[in-house]
Amino acid sequence: MSADIHFRGVSVRFSDLQALKDFDFHIRPGEFVTMVGPSGCGKSTAMNLVAGLLQPSAGEVLVSGRTVRGPGPDRGVIFQQYALFPWLSVRENVEFGPRLAGKSRAERRAISDRYLRLVGLSDFADALPKVLSGGMKQRCAIARAYAADPQILLMDEPFGALDALTRIRLQDQLLSTWSSDRRSVLFITHDVDEAVYLANRVVVMGARPGRLLEVIDVDLPHPRTEEIRLSPDFAAIRNRVWHAVYHQPSQAGAA
Amino acid sequence: MRNQKNLPGLRVISFVLGLLGWYLVTEYTAIMLPGPQAVLQKFMAVAQSGVLFTDIAASLRRVLTGFLLGTALAIPIGFVMGWYGVARGLIDPWIQFFRMIPPLAIIPLAIITLGIDEAPKIFVIFLAAFLSSVVATYQGVIGVDRTLINAARVLGAGDRVIFGRVVVPASLPFILVGCRIGLGSAWATLVAAELIAAQSGLGFRMQQAQLFYDMPTIFVSLIAIGVLGLLMDRVVQWAETRLTSWQERI
Ligand SMILES: Nc1ncnc2c1ncn2[C@@H]1O[C@H](COP(=O)(O)OP(=O)(O)OP(=O)(O)O)[C@@H](O)[C@H]1O
Ligand SMILES: [Mg+2]
């Protein structure tokens with residue numbers, strides 16, 4: 001089960017700052033879209049709109065054809081700062097969503113078992129977040145998002161704080177889960193390699209005002225492997241994205 | 001912070017040195033204070049006659065009643081102030097104002113309006129505990145990490161759930177710190193209040209002893225006040241570490 005996301009002429013203003021301007025984009029059901037761009041170009045803003053944590057000043061965001069009016073468990077969010085509830089155990093964190101959905105104890109248990117196994121945290125089910133490493137915390141946050149069974153995953157630089165090795169491992173894990181369930185994903189990152197490796201399409205954003213600059217198709221086969229990561233095709237796409245991000249046209253005159 | 005493990009041993013040594021110093025100063029100098037032996041004798045006497053324990057009971061009853069009433073009211077009000085900006089705007093100026101008045105300064109007014117029984121003392125304690133707990137509580141609520149609230153919202157939580165499952169646990173450490181400060185200031189205020197207006201309690205006993213130049217009794221009372229204060233602080237500190245063991249401590 002998956003859903004599409006439609007940005008229709010979306011603008012967001014914060015007092016005199018245009019965080020997002022005339023943003024039009026459509027994420028197809030089951031598509032994996034990554035978003036890159038300089039700091040402050042409105043990536044998190046765009047994601048918060050889909051999550052329902054923010055309302056646009058103009059235009060609208062539709063999920064499965066319905067205008068987003070607030071947050072809901074159909075859209076799972078994974079924050080850069082993990083945002084685990086520190087007073088709950090790893091398992092209780094994962095069961096937070098199912099609990100709100102009114103699932104019984106046994107159902108919750110089955111769900112948390114399943115997703116903790118998926119992210120390799122079964123042995124830490126009863127631990128508190130404070131004893132986890134950064135990578136483990138992020139895996140717990142991923143399990144928590146999956147456990148609410150969302151149709152869409154929204155990820156805001158989820159691997160930004162992790163070391164390169166953990167990062168690559170989590171990327172592969174994320175891709176393999178995605179290939180089996182085909183949830184639509186909007187994934188924000190600063191890392192051009194990561195953006196290309198994960199995506200069906202890469203959205204390159206520009207700053208001041210925050211806007212869409214370019215959409216780059218990644219027509220590399222799945223499953224993505226190390227060979228693909230090191231292939232000339234990958235390098236070519238990576239270079240295009242790199243150029244789009246780091247050699248942006250001079251800022252639009254209106255800003 | 002090296003050598004943390006030597007601390008308990010150092011404390012014992014420090015205590016023994018202190019006693020020794022007290023003994024030497026009172027025995028061999030011109031300072032006219034009772035020495036450890038005289039105070040110990042007095043302690044035995046008031047402990048055996050039971051006076052010490054009735055005093056302690058009277059003081060503790062007041063401080064605990066006032067403290068419990070104060071925090072019981074402060075916590076809900078603090079939550080309301082933290083959660084609703086309007087409530088904060090309306091209530092905060094008054095709290096800031098009353099915080100500037102030492103609770104003891106309320107005593108004359110409290111005696112006139114509430115009589116000379118237990119009520120004025122308990123009221124003053126109540127005020128001291130309330131003011132420090134209410135500020136700690138609403139600071140705690142305001143300080144709750146926005147991303148935790150957002151994380152709960154995107155998992156489907158409404159306001160009630162966010163309040164009960166996120167705001168309350170997240171602000172608990174602040175509330176407990178507030179309780180600890182509140183209990184400390186309540187205890188200090190109480191003893192001073194008993195000096196002014198009471199017929200029982202540790203403060204009252206010192207006031208009586210002063211009239212008779214009975215210094216050993218004053219010492220016994222002072223030591224009892226310090227020890228009890230320390231014990232209460234430890235109890236709250238223990239509860240604090242138990243209830244907030246999930247916190248990442250750096
Ligand atoms: N709540 C807010 N109030 C005022 N300004 C805001 C708010 N949220 C974001 N902004 C501003 O809007 C712009 C876009 O912010 P946003 O967080 O979307 O950028 P970003 O692309 O995610 O940047 P980064 O890569 O650094 O995370 C920034 O200039 C930011 O300062
Ligand atoms: Mg951001």
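Sequence lines set the chain letters: A, B, ... in the order given, protein chains first and strands last, and positions in each chain run from 1.
Rounded to the nearest 0.5 angstrom, A/F79 CZ and B/L148 CG are separated by 9.0 Å. Expressed to the nearest 0.5 Å, how far CZ of A/F96 lies from CZ of B/R165 amounts to 6.0 Å. Taking CG of B/L155 as the start and CZ of A/R99 as the end, the distance is 13.0 Å to the nearest 0.5 Å. Summarising the geometry, atom CD belonging to B/E248 is positioned 9.5 Å from atom CG belonging to A/L128; distances are rounded to the nearest 0.5 Å. Taking CG from A/L53 and CD1 from B/I149, the interatomic distance works out to 11.0 Å, rounded to the nearest 0.5 Å.
Under the side chain to side chain contact (heavy atoms under 4.5 Å, CB included) rule, B/W246 has a single partner from A/S89, A/P129, A/P86, which is A/P86.
For chain A, the nearby part of B/V161 is the side chain; its heavy atoms alone come within less than 4.5 Å. When heavy atoms are compared at a cutoff of 4.5 Å, A/L84 approaches chain B solely by way of its backbone atoms N, CA, C and O.
Summarising the local packing, CZ of A/R66 is surrounded by 12 or fewer heavy atoms from other residues, nucleotides or ligands at distances under 6.0 Å.
For chain A, the option among B/L172, B/V154, B/V166, B/D145 with the highest count of heavy-atom pairs below 4.5 Å is B/V154.
Scanning all heavy atoms of the two residues, the minimum distance from A/A83 to B/A151 falls at O-CB, 3.8 Å.
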